[in-house]
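Let me begin by presenting the structure, written as structure tokens, before commenting on it.
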Amino acid sequence: MSMTRKPVARERLRSPSPAAAGGTLNNRHGSPGVSGLEASLLQLIHNHQLASFHLREQTAERAKKEAAEAAARVSEVAVEAVNGGVQECFINEKRIELEIRAVAAAVFRYKKETDHWIAASRAINAAIKEIGDFENWMKIMEYDCRSITLAIHNIHHHS
């Protein structure tokens, strides 16, 4: 995925050395010939750079893997937190719906009871009215009876 830079020493080791080209160089004097010490040092540097490169690759892969795992854990925690809130809202919604049903049932019962009381009140009012009408009728009858009695009495006395 990522471009890797080749270390300089590795390039030097891969490119044809003066010894491979047919001669040796002495570093101080520029004469041909590579000493065994320089070759050993170059090999050590090469091995070190190669080991460092592999270690960096392993570390980068491990860091990527750990980052992906951490992101997955964060995602799971976030989803659980959101779901917990949603679940709490859902439970509260169900409670509210149950309360609404209970209140609606109570309102229906009170409406029936109120209708019953209104009907009873109207019946009592009608009965009272009839009693009032009966009293009035009785007074009228009493008055009529007195008038008739008085008229009969007057007719009887005058004749």
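Computed from heavy atoms alone, side chains included, the values below leave out hydrogens, waters and symmetry copies.
Of the candidates Lys94, Gln87, Glu93, Gln87 is the only one forming a side chain to side chain contact (heavy atoms under 4.5 Å, CB included) with Ile91.
Of the inter-residue distances, the one linking Glu38 atom CD with Ile45 atom CD1 reads 9.5 Å to the nearest 0.5 angstrom. Distance check: His157 NE2 to Leu150 CG gives 9.5 Å after rounding to the nearest 0.5 Å. With rounding to the nearest 0.5 angstrom, the CG atom of Leu37 is 9.5 Å from the CG atom of Leu42. Between the OG atom of Ser52 and the CG atom of Asn47 there is a distance of 10.5 Å, given to the nearest 0.5 Å. Residue Glu130 holds its CD atom at 13.5 Å from CG of Asn136, rounded to the nearest 0.5 Å. The CZ atom of Arg62 sits 5.0 Å away from the OG1 atom of Thr59 when rounded to the nearest 0.5 Å.
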Start with the C-alpha gap between Glu142 and Lys139, add the side-chain angles, then the distance that decides, and say whether salt bridge (Lys or Arg N to Asp or Glu O under 4.0 Å) holds.
-> CA-CA 5 Å; Glu142 185 179 354; Lys139 286 179 184 176; over 6 Å; no

Worked verdict on Gln49 versus Phe53 for side-chain contact (heavy atoms from CB on, under 4.5 Å) | CA-CA 6 Å; Gln49 289 175 340; Phe53 174 75; over 6 Å; no

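A salt bridge does not link Arg73 with Glu76: none of the charged nitrogens is closer than 4.0 Å to a carboxylate oxygen. Looking at Lys111 and Asp115, a side-chain N of the basic residue comes within less than 4.0 Å of a carboxylate O on the acidic one, giving a salt bridge. Taking a cutoff of 4.0 Å between a charged side-chain nitrogen and a carboxylate oxygen, Glu113 and Arg109 do not qualify as a salt bridge.
You'll find the side chain of Glu61 stays beyond 4.5 Å of the side chain of Lys65, heavy atoms only. Taking the side chain as every heavy atom from C-beta outward, Leu98 and Arg101 approach each other to under 4.5 Å.
In this structure, the side chain of Ser121 does not engage the main chain of Trp117 through any donor-acceptor pair within 3.5 Å.
Counting non-hydrogen atoms of neighbouring residues, nucleotides and ligands closer than 6.0 angstrom, the CD atom of Glu88 reaches no more than 12 such neighbours.
Under a hydrophobic-cluster definition in which Ile, Leu, Val, Met, Phe, Trp and Tyr are linked whenever side-chain heavy atoms come within less than 4.5 Å, directly or via other members, Met141 and Phe134 are assigned to the same cluster.
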